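I have placed the structure first, in the form of structure tokens, so that the comments after it can refer back to it.
Every value quoted in this text rests on a predicted model; they were computed, and no experiment measured them.
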Amino acid sequence: MGRPRVYDVGTHRVTILLDAAATGGAIGLVEMAVPPGSGPLPHVHGREDETYHVLEGEVVFTVDGERHVVRAGGTAFGPRGIPHGFHNEGTETARLLVVVTPGGFEAYFAECGTPAAPDRPPSRPSPEALARLVGAAPRYGLTFVPPAR
């Protein structure tokens, strides 16, 4: 099914394991390495659901305003149309397996990310990289929402 493609997207390292083309559009499958103190802005997907399985570490998911602490071995669901996001509040990098249904959204990471340098971890994104993340969002049915207070 091809080699995994690895990108730095924001502060995350994202590995695309399967894309929509490889699954007849059914799913996209990515692995994310999420450093301590990071996570995506709260967002809403208009086209797909996301299922997150925590492989390592601990991540706080917020779905429709409710916080859920998910540890290694646990799973969380971010449904389309509902604000959700996650944040690594721990001290170690968390690893997540993310299933996107239907597939297609994984292309956002390829479009917005930069090919990863395997010999160094992702750094804080530049203003240009952040502009790419925000600018591409509408093409993927993605809307960022203000964090809940």
Side-chain angles (χ1 to χ4, degrees), residues 2-20 27-80 82-101 103-149:
R3 301 185 102 175
R5 293 171 287 150
V6 185
Y7 299 94
D8 290 337
V9 181
T11 58
H12 307 148
R13 174 109 347 130
V14 177
T15 303
I16 299 174
L17 301 170
L18 285 173
D19 61 20
I27 68 168
L29 180 65
V30 302
E31 181 180 318
M32 290 184 180
V34 183
S38 70
L41 294 171
H43 57 277
V44 176
H45 292 272
R47 304 176 189 158
E48 57 277 315
D49 300 312
E50 293 177 302
T51 303
Y52 305 89
H53 184 73
V54 180
L55 299 170
E56 294 177 0
E58 178 178 293
V59 180
V60 176
F61 288 89
T62 303
V63 180
D64 204 17
E66 291 187 30
R67 286 174 48 96
H68 308 272
V69 177
V70 181
R71 293 175 179 80
T75 304
F77 183 63
R80 75 187 80 188
I82 303 295
H84 61 277
F86 60 86
H87 195 261
N88 180 353
E89 295 180 1
T91 58
E92 302 293 325
T93 295
R95 284 184 42 242
L96 311 173
L97 194 60
V98 184
V99 180
V100 180
T101 51
F105 185 76
E106 67 284 351
Y108 174 77
F109 302 123
E111 179 177 335
C112 297
T114 55
D119 57 331
R120 64 178 192 266
S123 58
R124 287 280 170 205
S126 68
E128 295 80 17
L130 290 173
R132 279 196 316 267
L133 287 167
V134 173
R139 288 193 295 280
Y140 293 90
L142 179 67
T143 304
F144 294 106
V145 296
R149 297 270 173 209

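- Among residues at least two apart or in separate chains, salt bridge (Lys or Arg N to Asp or Glu O under 4.0 Å) pairs with a member in residues 85-94 are Arg67-Glu89.
- Between Leu29 atom CG and Leu17 atom CG the span is 4.5 Å, to the nearest 0.5 Å.
- Not a single side-chain contact (heavy atoms from CB on, under 4.5 Å) links Ala131 to another residue, sequence neighbours left out.
- Shown here are the side chain to side chain donor-acceptor pair (under 3.5 Å) partners of Ser38, two or more places apart in sequence or in another chain: Thr11.
- Within the structure, every pair that satisfies the salt bridge (Lys or Arg N to Asp or Glu O under 4.0 Å) test and touches residues 108-117, not counting sequence neighbours, is listed here: Glu111-Arg139.
- We find the CG-CE distance between Leu96 and Met32 to be 7.0 Å, quoted to the nearest 0.5 Å.
- Two residues are said to be in side-chain contact when any heavy atoms from C-beta on lie closer than 4.5 Å; Pro36 and Thr93 meet this criterion.
- When all heavy atoms of Glu106 and Gly28 are compared, the pair lying nearest together is OE1-CA, 3.3 Å.
- Between Val9 and Gly113, the shortest heavy-atom contact is CG2-CA, 3.8 Å.
- Closest approach of Leu133 to Phe144, counting heavy atoms only: O-CE1, 4.0 Å.
- Heavy-atom minimum distance, Gly104 versus Ala20: N-CB, 3.6 Å.
- Residue pairs satisfying the salt bridge (Lys or Arg N to Asp or Glu O under 4.0 Å) criterion with at least one member in residues 37-61, sequence neighbours excluded, are listed as follows: Asp49-Arg80, Glu56-Arg95, Glu58-Arg71.
- For the atom pair CG of Leu97 and OH of Tyr52, the computed distance is 12.0 Å after rounding to the nearest 0.5 Å.
- The only option from Val98, Val63, Val59 that meets the side-chain contact (heavy atoms from CB on, under 4.5 Å) definition with Phe86 turns out to be Val59.
- Looking at heavy atoms from C-beta onward, Thr75 lies in side-chain contact with Thr51 at the 4.5 angstrom threshold.
- In this structure, His68 has no side chain to side chain donor-acceptor pair (under 3.5 Å) partners at least two apart in sequence or on a different chain.
- Every residue two or more places apart in sequence or in another chain was checked for a side chain to side chain donor-acceptor pair (under 3.5 Å) with Asn88, and none qualifies.
- Screening residues 109-143 for ring pair (Phe, Tyr, Trp, His ring centres under 6.0 Å), with sequence neighbours left out, gives Phe105-Phe109, Tyr108-Tyr140.
- In terms of the ring-ring contact (aromatic ring centres under 6.0 Å, His included) criterion, residue partners of His43 (sequence neighbours excluded) are, by chain and number, His45, His84.
- Among pairs with a residue in residues 128-137, none fulfils salt bridge (Lys or Arg N to Asp or Glu O under 4.0 Å), at least two apart in sequence or across chains.
- When all heavy atoms are compared, the tightest approach of Gly10 to Pro122 is O-CB, 4.4 Å.
- Considering only residues two or more places apart in sequence or on other chains, Thr143 meets the side chain to side chain donor-acceptor pair (under 3.5 Å) condition with none of them.
- The OG1 atom of Thr101 sits 6.5 Å away from the CZ atom of Phe77 when rounded to the nearest 0.5 Å.
- Val6 is not listed as a side-chain neighbour of Pro115, based on a closest heavy-atom distance of 4.5 Å or more.
- Nearest heavy atom pair, residue Pro35 against residue His12, reads CD-CD2, 4.1 Å.
- Atom CD of Glu31 is separated from atom CG of Leu55 by 6.0 Å, given to the nearest 0.5 angstrom.
- Remark: His87 pairs with no residue by the ring-ring contact (aromatic ring centres under 6.0 Å, His included) rule, at least two apart or across chains.
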